[in-house]
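For reference, the structure is listed below as structure tokens.
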Amino acid sequence: MLNKNKMANVVLNFSSANSISDPNDRSVLIIGLKQHLACYDAVKTKLVPRVDGETYKAAIDTLHPLPTDSISLWFNNATAAALPVKVSRHNTPSRSHSITKLVKSCLSGAGNEVIVMVCDKDNVFASACAIGRAFPLFSRKSGYMSKTTKRVVTVEFVLSDGGTVTEEEAQTLSVSVESIRLAARLVDTPCNEMNTDHFIEEVKKVGVELAIEPFIVQGESLQEKGFGGIYGVGKAAEHAPALAVLSHRPDHATQTIAWVGKGIVYDTGGLSIKGKTGMPGMKRDCGGAAGLLGAFRAAVKMGFKENLHLVLCLAENSVGPLSARPDDIHVLYSGRSVEINNTDAEGRLVLGDGVAYAARDLKADIILDMATLTGAQGISTGKYHAGLLTNNEDWETACMKAGRNSGDLVFPLVYSPELHFSEFGSAVADMKNSVADRGNAQSSCAGLFIGAHIGFDFPGVWIHIDMASPSHSGERATGYGVALLLSLFGRASKSALLNSVSPLGTTQNNEVVENASKKIRLV
């Protein structure tokens, strides 16, 4: 298996060309369904003179993917790998999770390399994102730190219908994967290098790249302006909590969208402290904010046609003399009071402020919040599918389709505020922050707490994505959420490729909702 350290020292180059190289000079990995791998004429430019057509066909014939399989074509310098034959209806047709695993296990890791992805046109976007997830950027291994020369891995596509990937599509793939790797790097970086101040610097860097000046409220100003959730969670930390906002306001926008991210740079649990086995890995509690920052960067760079606001709720849930205590009562930006009965249920507090700000100040028509919110999410929907909670059935269906189109899978949680919100009953405040019965739809309840701060009668669309488990695979971040949001809101993009992987795809001619608002139809 490839040295994981070598994966971090990589520049990914997505190309629309069919380059020519000798496996002796540049290793090649060819990935696809077995039936699609019978394409020697399309891939021989990376194989001759080492592998002829007869040898290639004989090698492909020996593949028996259960669920995957690979075979050496010429030493370790040329490999073919077959994807699973079957895929269920709740999985992605791209087999993206298998693609990532094959890239990690089959590349030689020696010098520059090329990956040839053989697939249907519909799966190009998800396949590219899957390849990108195999190359994390963060490493503090001594060997990596001493290296100055980066390896170049070129990714090319052979389409099953004989078509080609355009230069514009290759650029879309490049920007998308850059943003996925950015998100994963932020999550992989430990809190001593990624505290709230560091995270704000990352927001500013994206702002400079997009020519957007961030709006930041930090420290005591949060309390003064009424952001009691963010302030209460982060006030004990050395580095002050913050609300960081990037706003994209193009001409002729027809609606306003807000993406609200949980950015807990480290979660000790506060005074309701986690145990020694539960705390390691809590650097990943900023996965929602990181994924949304990456998605915002990519969406704006590729031409987003609607008003788009990124609202990041940043804090470190630390332990100290100023820590929030169980029994304390905080008033959130919504004006509603919250009795703290569990300081380790902090993500919903910061997001409560964020969504209320999006609704009240930004006047958002569509509010999507994303967070590594509950451990119960992994029990509810598993390690691959994020939990989805929304007040709108059309958007629920669209989110699932976008998940399959992008490889960032989602599956619905129960949405019944009238049945579940009573779990937060308090004798002295408007609500508590943690449920009375942890066995009663815990992930749904946690999401409903956030929704309560815009109100269950909110006239717009509210979407909550709990991606606690799919935010990482083993000890590495996945950059989850970037691909999902680019697909989900693809119809608002100028990118033809993102339009094609949107829930509506490119076959819809009806660009607007048939009413007086004339909004771009997204789902």
Side-chain angles (χ1 to χ4, degrees), residues 7-14 96 100 103 125-126 128-140 144 150 152-153 155 170-191 193-212 214 244-246 248 259-265 283-302 304 308 310-312 314 370-372 406-408 465 467 470-473 475-487 489 493 495 498:
M7 304 300 265
N9 199 39
V10 165
V11 174
L12 279 176
N13 174 34
F14 288 87
S96 60
T100 304
V103 171
F125 178 71
C129 293
I131 291 169
R133 294 184 192 103
F135 296 94
L137 289 169
F138 179 81
S139 177
R140 288 295 178 264
Y144 171 76
K150 290 188 178 291
V152 176
V153 175
V155 182
Q171 180 61 26
T172 294
L173 299 177
S174 179
V175 172
S176 301
V177 170
E178 286 171 5
S179 298
I180 289 170
R181 297 178 79 196
L182 164 66
R185 175 177 64 80
L186 298 180
V187 176
D188 279 336
T189 305
C191 188
E193 297 183 38
M194 191 53 64
N195 56 48
T196 53
D197 292 329
H198 292 130
F199 210 113
I200 288 170
E201 289 305 310
E202 296 287 346
V203 173
K204 290 179 178 178
K205 287 178 186 176
V206 171
V208 169
E209 190 177 5
L210 303 177
I212 297 174
V245 182
L246 291 173
H248 168 70
W259 294 345
V260 184
K262 172 188 172 183
I264 302 299
V265 294
K283 66 178 182 179
R284 293 192 286 262
D285 218 12
C286 62
L292 292 182
L293 180 61
F296 182 87
R297 172 189 179 272
V300 175
K301 281 180 75 73
M302 288 183 286
F304 201 81
L308 181 63
L310 175 70
V311 181
L312 302 183
L314 306 174
M370 190 166 76
T372 51
S406 67
D408 280 345
I465 297 173
M467 32 75 83
S471 67
H472 67 100
S473 177
E475 295 188 1
R476 277 297 196 178
T478 59
Y480 183 94
V482 177
L484 174 66
L485 268 69
L486 293 178
S487 173
F489 293 90
S493 176
S495 163
L498 293 186

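All heavy atoms count here, side chains included; hydrogens, waters and symmetry mates do not.
Among all heavy-atom pairs drawn from Gly132 and Leu12, the shortest one is CA-CD1, 3.8 Å. When every heavy atom of Ala295 is checked against every heavy atom of Gly481, the shortest pair comes out as CB-O, 4.4 Å. Taking each heavy atom of Leu498 and Ser493 in turn, the nearest pair found is CD1-OG, 3.7 Å. The two residues Asn195 and Asp197 have their closest heavy-atom pair at OD1-N, 2.9 Å. Smallest separation of non-hydrogen atoms from Phe14 and Ala128: CE2-CB, 3.6 Å. Of all non-hydrogen atoms in Ser139 and Arg476, the two that sit nearest each other are CB-NH2, 4.4 Å.
In this structure, the side chain of Ser174 does not engage the main chain of Ala170 through any donor-acceptor pair within 3.5 Å. Between the side chain of Thr100 and the backbone N or O of Ala130, at least one donor-acceptor pair lies under 3.5 Å. Counting only distance, with no hydrogens or angles, the side chain of Ser176 and the backbone of Thr172 share a donor-acceptor pair below 3.5 Å. Proximity of a side-chain donor or acceptor of Lys301 to a complementary backbone N or O of Leu210 within less than 3.5 Å is not detected. Without hydrogens or angle criteria, Ser406 side chain to Ala126 main chain gives no donor-acceptor distance under 3.5 Å.
You'll find the side chain of Val187 stays beyond 4.5 Å of the side chain of Phe138, heavy atoms only. A 4.5 Å side-chain heavy-atom check between His198 and Glu201 finds every atom pair outside the cut-off. By the 4.5 Å heavy-atom criterion applied to side chains, Phe296 and Ile212 are counted as neighbours. The closest side-chain heavy-atom distance from His472 to Asp188 is not below 4.5 Å. The shortest distance between side-chain heavy atoms of Met467 and Thr372 falls below 4.5 Å.
At a threshold of 4.0 Å, the pair Arg181-Glu178 does not count as salt-bridged, since none of the basic side-chain nitrogens sits closer than that to a carboxylate oxygen.
Once rounded to the nearest 0.5 Å, the distance linking CG of Leu137 with CD1 of Ile180 reads 11.5 Å. Rounded to the nearest 0.5 angstrom, Cys286 SG and Phe199 CZ are separated by 5.0 Å. A distance of 6.5 Å separates CG in Leu182 from CD in Glu202, rounded to the nearest 0.5 Å. Here the CD1 atom belonging to Ile465 is positioned 9.0 Å from the CG atom belonging to Asp408, to the nearest 0.5 angstrom. Distance check: Lys283 NZ to Asp285 CG gives 13.0 Å after rounding to the nearest 0.5 Å. Within the model, atoms NZ of Lys262 and CG of Leu292 stand 13.0 Å from one another, a figure rounded to the nearest 0.5 Å.
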Discussion item. Leu246 vs Leu293, test: side-chain contact (heavy atoms from CB on, under 4.5 Å). Steps then yes/no.
Written reply: CA-CA 9 Å; Leu246 291 173; Leu293 180 61; 4.2 Å; yes

Worksheet entry | Candidate pair Val177 and Ile131, rule side-chain contact (heavy atoms from CB on, under 4.5 Å), full reasoning | CA-CA 8 Å; Val177 170; Ile131 291 169; over 6 Å; no

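The environment of CD in Glu475 is sparse: at most 12 heavy-atom neighbours from other residues, nucleotides or ligands sit within 6.0 Å.
Taking the six-membered ring for Trp and thresholds of 30 and 60 degrees, Phe489 and Trp259 have ring planes inclined between 30 and 60 degrees apart.
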